Enquirer: 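Sharing a structure here in structure tokens format.
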Amino acid sequence: MPIARLTDAERDAALAELPSWNLREDSLAIETELKFADFNEAFGFMTRVALYADKADHHPEWFNVYSTVRITLTTHDADGLSERDVAMARFIEGIR
Ligand code: H2B
């Protein structure tokens, strides 16, 4: 199901409130990197994000090595960024 892509102004306004997130070079995704004390902390965090993703039907692209988690958010159904990516990034900011 298609969902609206953010306008450049909406995207920039959202990013201004998300200082830990960077716009990917192609402007179609936002990215962040998180460091935890150890794997237990990292995977606990990932579990909380996974439960959110399942409920919201919106899923992160992510990469984990031990205590590091890298996350890319984009909306495939929008071919770019949507409000769903912003909502997920805000959720992540609340628990990181
Ligand atoms: N996650 C992300 N990141 N983007 C999507 O477009 C998307 C998704 N679409 N999770 C959902 C699932 C869609 O494939 C299902 C059918 O609702």
Side-chain angles (χ1 to χ4, degrees):
M1 263 255 287
I3 172 173
R5 195 161 147 173
L6 295 181
T7 64
D8 290 2
E10 287 168 340
R11 178 196 70 205
D12 293 346
L15 273 170
E17 310 283 313
L18 293 166
S20 303
W21 293 78
N22 296 310
L23 190 60
R24 201 171 67 188
E25 209 163 325
D26 63 8
S27 297
L28 300 179
I30 53 174
E31 304 173 314
T32 197
E33 180 175 287
L34 303 92
K35 299 270 192 192
F36 295 91
D38 52 28
F39 180 72
N40 186 297
E41 294 288 323
F43 204 79
F45 162 82
M46 292 176 79
T47 302
R48 288 187 279 282
V49 175
L51 294 174
Y52 173 99
D54 190 44
K55 250 196 245 172
D57 194 30
H58 193 65
H59 302 85
E61 298 173 20
W62 53 11
F63 174 84
N64 162 241
V65 176
Y66 186 58
S67 59
T68 298
V69 181
R70 282 192 219 132
I71 304 179
T72 298
L73 300 181
T74 188
T75 301
H76 311 114
D77 299 335
D79 290 322
L81 285 168
S82 77
E83 190 52 51
R84 290 182 196 165
D85 301 305
V86 176
M88 180 171 265
R90 288 193 183 127
F91 172 78
I92 289 168
E93 287 315 292
I95 63 164
R96 79 188 292 168

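As the structure is a prediction and not an experimental result, all values here were calculated from the model. Basis for what follows: all heavy atoms, side chains included, without hydrogens, waters or symmetry-related copies. Atoms within each ligand, like the ligands themselves, are counted from 1 in listed order. Along the sequence shown, the residues carry numbers beginning at 1.
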Enquirer: Please list, by chain and number, the protein residues whose heavy atoms come under 4.0 Å of ligand 1.
Expert: Asp57, His58, His59, Thr74, Thr75, His76, Asp77

Enquirer: Is the shortest side-chain heavy-atom distance between Ile95 and Tyr52 below 4.5 Å?
Expert: no

Enquirer: Quick check: do Leu28 and Arg5 have side-chain heavy atoms less than 4.5 Å from each other?
Expert: yes

Enquirer: Keeping Asp54 on the side-chain end and Leu51 on the backbone end, is there a donor-acceptor pair under 3.5 Å?
Expert: no

Enquirer: Under the side-chain hydrogen bond (donor to acceptor under 3.5 Å, both in side chains) test, which residues partner Thr47, sequence neighbours left out?
Expert: none

Enquirer: Should the ring pair Phe45 and Phe36 be called parallel, tilted or perpendicular, given that the plane angle runs from 0 to 90° and is split at 30 and 60?
Expert: tilted

Enquirer: Look only at the side chain of Asn64 and the backbone of Val69, and say whether a donor-acceptor pair between them is shorter than 3.5 Å.
Expert: no

